[in-house]
2 protein chains.
Amino acid sequence: MKACAHRPEDGPGAAFLLAALGAHAAGQFAERITALNLTPPQTGLLRAIAATPGQSQQAMAQLLGTPPSRLVGLVDALAARGLVERRRNAADRRLHALHLTADGCEILKRIAAVGQAHDDAICGSLDASERAQLRTLLARIADDHGLTPGVHPGYRRL
Amino acid sequence: MKACAHRPEDGPGAAFLLAALGAHAAGQFAERITALNLTPPQTGLLRAIAATPGQSQQAMAQLLGTPPSRLVGLVDALAARGLVERRRNAADRRLHALHLTADGCEILKRIAAVGQAHDDAICGSLDASERAQLRTLLARIADDHGLTPGVHPGYRRL
DNA sequence: TATTGTTATACTCTATAACTATA
DNA sequence: TATAGTTATAGAGTATAACAATA
């Protein structure tokens, strides 16, 4: 006898599966990019700079949904490795435009390769059609909820 | 001109969408259960105890994939609110079997209601058939990766 | 001596707010 | 005075390892 009476359950809903699988996928990805000596936030920042280069740190912080102070450490680490550079605006010397260096572009390609392998590992049990189906459904939900494309919302609390 | 040459991109892959949406869904759920004065880990523990009552803390820790020491605080908080109780095993007094109280069963129903509302909010842009499709695909991936059904893997690092 | 649960400690990550420099 | 970036501080959450009770 169960201690609690349960209503008819057909397992967890889609939202729970989404959260659980999302955490799993994020963890796996984090493990993979360790090979490039990158953390997920650093990776996200590199991709964001590649997508819209020349932004100030404030603008980038707003785009990623993080306090500007957090960007400092991330940019510092990437700049120290020569992947990113701050270019001072001559007109307004307060602004630091963010750009990828040549090495930054190079590592971005490797990130893409890791992402591809990761995607294959996660979706391995799906055929091409199912995978496209899944991507379509997920993209619809993401759009419906106003998620910024290409930006992991985990910046807000991860 | 872009600073970096990009290969033909058709947006983020399914795995990235999964991670991003998963984080979003988890955050939304965390906000919702604030109404019950519960955190996500507490909620997960309540559901786990309901699913398999009478387990020792060690067994529960292994099931959830967390160090046993972490359970102490979680159980303490829930026990202090009268939602959970530790029943000492008479035969082996080291063991503390975990059970839900009547209030614990009660709040579990409210958690289910919150979960239902959450599921509707997340999947609002999908019709019933699409939602079932999504759940099927996600369940397949989860199974393929050996995720324990009903357990959020975030216990391992969240 | 081995095991359950607990406590103590330290570490990682993040946000908030104070501070510097430029405007 | 207002804004961009930085630094300092503190808080939440977690893991590791030492500890006490029971076997």
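Lettering follows sequence order; numbering is per chain, from 1.
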(request) Answer yes or no: is there a donor N or O on one side and an acceptor on the other, between the side chain of A:N89 and the main chain of A:L95, under 3.5 Å? (result) no
(request) Round to the nearest Å and state the distance from B:M60 atom CE to C:dG5 atom P. (result) 11 Å
(request) Check every atom of C:dA15, C:dT7, C:dA23 against the side chain of A:T66 and return the nucleotide holding the closest atom. (result) C:dA15
(request) Taking only the side-chain nitrogens and oxygens of B:S69, find out if one of them lies under 4.0 Å from OP1 or OP2 of D:dA17. (result) no
(request) Kindly say if A:R88 contacts the phosphate of C:dT22, meaning a side-chain N or O under 4.0 Å from OP1 or OP2. (result) yes
(message) Quick one: does any side-chain atom of B:T101 pair with a main-chain N or O of B:G104 as donor and acceptor, under 3.5 Å?
(response) yes
(message) In this structure, how many angstroms lie between the P atom of D:dA12 and the CZ atom of B:R70, rounded?
(response) 16 Å
(message) Measuring to OP1 and OP2 of C:dT6, would you say a side-chain N or O of B:R86 lies under 4.0 angstrom away?
(response) yes
(request) Send over the distance from A:L74 CG to D:dG5 P, rounded to a whole Å. (result) 14 Å
(request) Whole angstrom is fine here: how far is it from CD in B:Q57 over to C1' in D:dT22? (result) 15 Å
(message) Need to verify one output field. Residue with the more 5' nearest nucleotide on DNA chain D, A:D76 or A:D92?
(response) A:D92
(request) Please determine, for the side chain of B:Q58, which listed nucleotide (C:dT3, C:dG5, C:dT22) has the closest atom? (result) C:dG5
(message) So, OP1 or OP2 of C:dT3: does either fall under 4.0 Å of a side-chain N or O from B:R93?
(response) no
(message) Quick check for you: among C:dA15, D:dT7, C:dT6, whose closest atom lies nearest to any side-chain atom of B:H96?
(response) C:dT6
(message) Here's a test of your reading of the structure: between B:L95 and B:G73, which maps to the more 5' nucleotide of DNA chain C?
(response) B:L95
(message) For B:A14, is there any backbone N or O sitting under 3.5 Å from a side-chain donor or acceptor partner on A:R131?
(response) no
(message) What contact category does B:A91 fall into here, base, sugar-phosphate, or nothing, at under 4.0 angstrom with non-hydrogen atoms?
(response) sugar-phosphate
(request) For B:R87 and B:G54, indicate whether the former's side chain and the latter's backbone hold a donor-acceptor pair under 3.5 Å. (result) no
(message) Please report the distance, rounded to the nearest Å, between CZ in B:R87 and C1' in C:dT4.
(response) 19 Å
Acceptor/donor pairs from residues 23-34 of chain B side chains to any protein atom, 3.5 angstrom cut, sequence neighbours excluded:
residue: B:H24; atom: NE2; partner: A:H145; partner atom: ND1; Å: 3.1
residue: B:T34; atom: OG1; partner: B:A30; partner atom: O; Å: 3.0
residue: B:T34; atom: OG1; partner: B:E31; partner atom: O; Å: 3.1

(message) Among D:dT7, C:dT16, C:dA2, which nucleotide has an atom closest to any side-chain atom of B:R94?
(response) C:dA2
(request) Calculate the interatomic distance between B:Q62 atom CD and C:dT4 atom C1'; express it in whole Å. (result) 14 Å
(message) Tell me the interatomic distance from B:Q55, atom CD, to C:dG5, atom C1', rounded to whole angstroms.
(response) 16 Å
